[in-house]
Amino acid sequence: MLEAGKPATPLKSETLQVLLERGLVNQASDLEALDARLAEGPVTVYAGFDATAASLHVGHLMPLMTLRWMQKLGHRPIAVLGGGTTQVGDPSFRNEARPLLDELKIASNVSGIRRCIERLVSMDGDDGALLVDNAEWLTEFRFLEFLRDYGSQFTVNRMVTFESVKSRLDTQSPLTVLEFCYMMLQAVDFLELSRRYNCEMQIGGSDQWGNIVNGIELGRKADGRKLHGLTVPLLTTASGAKMGKTAAGAVWLHPEHLSPFVFWQFWRNTADADVGRFLRLFTELPMNEVERLSALEGHELNDAKKVLATQVTAIVHGPEEARKALEQGEALFGGAEELLEPTHVLPRIRLSEGLGLLELLVLVGFAGSNGEARRLVEGGGVRLNRQVVDDARRQITAGNLQADDRLALAVGKRRKALVGFD
RNA sequence: GGAGGAGUGCCCGAGUGGCUAAAGGGGGCGGACUGUAAAUCCGCUGGCUAUGCCUACGUUGGUUCGAAUCCAACCUCCUCCA
């Protein structure tokens with residue numbers, strides 16, 4: 001185990017050096033052995049993703065960036081979608097059972113998540129990254145067979161020593177057998193992947209540590225293989241809060257859940273204190289450039305934030321979207337107060353049918369309910385075509401459209417929408 | 001197995017029959033200031049077809065004109081005894 005940024009001895013592998021200097025390492029199972037193995041040649045490495053939502057969010061960017069770097073350095077990533085394990089629910093560090101999702105919902109989530117991952121790691125070619133769903137093997141097991149083959153490799157004695165389980169037991173919160181067995185499933189995943197794809201390494205969030213260690217131990221007991229594990233740090237902001245939430249919810253990676261421009265804005269609004277760390281973690285700029293940008297002071301740091309936002313957006317949504325987002329951001333805050341392209345398009349009949357301002361705010365996602373929209377309006381935070389509107393009963397009609405036939409809607413300083421009608 | 005204490009809104013936490021959609025703080029959002037930052041100050045912070053209605057104080061029933069507040073059972077947590 002090691003603390004980030006403090007290698008005990010000089011590292012032999014470029015891979016580990018890069019991951020460390022980017023700040024992507026929290027702890028590793030056996031750092032020296034892992035370093036030696038990585039220096040030897042390409043490995044196959046996997047990270048698992050729960051299928052609990054239809055898109056990944058910025059928190060997932062840490063393991064994804066790790067896979068991406070490793071692919072760049074010649075290793076082969078496997079992204080494992082938890083189509084099987086999600087049917088059980090990871091109990092780690094939770095005080096109560098997660099609601100279980102049905103298979104149909106999971107299947108649709110899997111396809112959205114696949115889309116997110118594809119942007120970060122290349123799946124092309126024979127040696128491209130693999131995307132596998134653990135439902136493939138987990139759903140095949142029959143109970144007795146599973147107990148015989150794997151149950152014998154785990155001792156309850158060992159399982160209860162894991163922090164994730166211990167906390168539940170210590171506080172006497174109920175931990176069902178179903179949840180308890182989750183770690184077996186994830187361990188079996190690792191074993192299966194090592195057998196099927198010669199996968200030797202797993203990465204995950206720091207909350208996955210126990211699950212990862214279990215897999216490593218299973219590999220050793222069942223097959224006598226040396227497997228490796230690495231966790232990435234928990235993503236927090238400088239103010240200590242868990243990162244990745246905005247007013248509208250999580251910062252999704254899927255463009256259908258969060259537009260590239262809003263995504264860009266999220267990064268543009270990074271607090272000063274986080275800029276350097278985020279540049280290292282979420283961009284691929286060379287370290288000297290990262291350092292130059294982080295050293296900027298005062299309002300010049302805003303330039304570093306734009307670079308950060310544009311770089312991250314380019315990775316997640318592509319360079320074209322990133323360029324457009326930057327352009328839009330510049331225009332919007334450079335005085336134009338106007339988006340370049342409509343962010344939303346509504347049927348024109350809505351204008352004659354009667355469209356309330358509150359309803360419109362909900363439609364474009366600036367408010368989660370009419371009540372919230374009302375509060376925004378009454379608090380003076382809403383502007384229609386650059387003018388503050390504080391009448392919550394305001395109706396939108398054709399007469400409100402600007403010369404360009406559009407409607408400029410803004411909430412606060414940063415949230416802006418341009419609504420077109422056709 | 002026995003005795004006592006506790007379970008409140010996104011989180012922490014006050015509240016022991018009507019004045020409680022529920023103090024206070026955190027977080028979040030909006031406003032002012034600024035650099036689309038931080039800090040600070042001010043406001044808002046359950047939903048709705050909205051001078052009213054619905055949902056909400058572990059769960060389910062009950063008492064009462066009226067319950068987060070009283071009673072019963074159940075679930076869960078904490079402390080002490082065996």
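Values in this document were obtained by computation on a predicted structure and should not be read as measured data. Note on naming: letters A, B, ... go to the chains in the order of the sequence lines (proteins, then strands), and numbering restarts at 1 for each one. In what follows, every heavy atom counts, from backbone to side chain, and hydrogens, waters and symmetry copies are set aside.
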Starting from the 5' end of RNA chain B, give me the residue, A:Val411 or A:Leu301, whose nearest nucleotide shows up first. A:Val411
Where each residue is assigned the nucleotide of RNA chain B containing its nearest heavy atom, which of A:Gly380 and A:Asn269 is assigned the position nearer the 5′ end? A:Gly380
Does [N] pair with anything, Watson-Crick or G-U wobble, both distances under 3.5 Å, and if so, with which nucleotide?
| N | result |
| --- | --- |
| B:U36 | none |
| B:A22 | none |
| B:A73 | B:U59 |
| B:A3 | B:U79 |
| B:C44 | B:G28 |
| B:A14 | none |

Can you tell me if A:Arg415 touches the phosphate of B:G30, counting only side-chain N or O atoms and a distance under 4.0 Å to OP1 or OP2? yes
Evaluate the side-chain proximity of A:Val132 to A:Leu81: yes if any heavy-atom separation is below 4.5 Å, no if none is. no
With a non-hydrogen cut-off below 4.0 angstrom, is [X] in contact with a base, only sugar-phosphate, or nothing?
| X | value |
| --- | --- |
| A:Arg268 | base |
| A:Gly298 | base |
| A:Glu378 | nothing |

Starting at [atom1] of [X] and ending at [atom2] of [N], how long is that distance when rounded to a whole Å?
| X | N | atom1 | atom2 | result |
| --- | --- | --- | --- | --- |
| A:Gln265 | B:U36 | CD | C1' | 7 Å |
| A:Lys305 | B:G35 | NZ | P | 12 Å |
| A:Leu409 | B:G30 | CG | P | 13 Å |
| A:Glu372 | B:G28 | CD | P | 15 Å |
| A:Leu296 | B:A38 | CG | P | 18 Å |
| A:Leu376 | B:C44 | CG | C1' | 9 Å |
| A:Leu361 | B:G47 | CG | P | 14 Å |
| A:Glu297 | B:A37 | CD | C1' | 13 Å |

Would you measure the distance from the [atom1] atom in [N] across to the matching atom in [M] and give it in whole Å?
| N | M | atom1 | value |
| --- | --- | --- | --- |
| B:C48 | B:U55 | P | 15 Å |
| B:C75 | B:U59 | C1' | 7 Å |
| B:G52 | B:U64 | C1' | 25 Å |
| B:U51 | B:G5 | C1' | 44 Å |
| B:U16 | B:C10 | C1' | 26 Å |
| B:A67 | B:A21 | P | 12 Å |
| B:G9 | B:G46 | P | 13 Å |
| B:U8 | B:G2 | P | 26 Å |

Among residues at least two apart in sequence or on other chains, which ones pass side-chain hydrogen bond (donor to acceptor under 3.5 Å, both in side chains) with A:Ser55? none
In chain order, what residues pass the side-chain hydrogen bond (donor to acceptor under 3.5 Å, both in side chains) check against A:Thr66, with sequence neighbours excluded? none
For nucleotides 50-57 of chain B, give me one character per nucleotide, 5' to 3': B if any protein heavy atom sits under 4.0 Å from the base, S if the only such contacts are to the sugar-phosphate, - if neither. B-------
From A:Leu34 CG over to A:Ser29 OG, what is the distance, rounded to the nearest 0.5 angstrom? 6.0 Å
Ignoring hydrogens and angles, does a donor from either the side chain of A:Lys416 or the base of B:U36 sit under 3.5 Å from an acceptor on the other? no
Provide the closest heavy-atom pair for A:Arg22 versus A:Leu285 in the form atom of the first, atom of the second, distance. NH1-O, 2.8 Å
Of the non-hydrogen atoms in A:Arg415 and A:Phe366, which two are nearest, and what is the gap between them? NH1-O, 3.1 Å
Sorted by chain and residue number, the ring-ring contact (aromatic ring centres under 6.0 Å, His included) partners of A:His75 (sequence neighbours excluded) come out as none
Closest to the A:Arg375 side chain, choosing from B:G30, B:U36, B:U45: B:U45
Can you figure out which of B:G31, B:G35, B:U45 approaches the side chain of A:Lys413 most closely? B:G31
Partners meeting salt bridge (Lys or Arg N to Asp or Glu O under 4.0 Å) with A:Glu353 (sequence neighbours left out): A:Arg350
Would one find more than 12 heavy atoms of other residues, nucleotides or ligands at under 6.0 Å from atom CD of A:Glu14? no
Please tabulate, for side-chain N and O atoms in residues 314-323 of chain A, each donor-acceptor pair with protein atoms closer than 3.5 Å (sequence neighbours left out).
from, atom 1, to, atom 2, distance (Å)
A:Glu320, OE2, A:Arg323, NH2, 2.9
A:Arg323, NH1, A:Glu327, OE2, 2.6

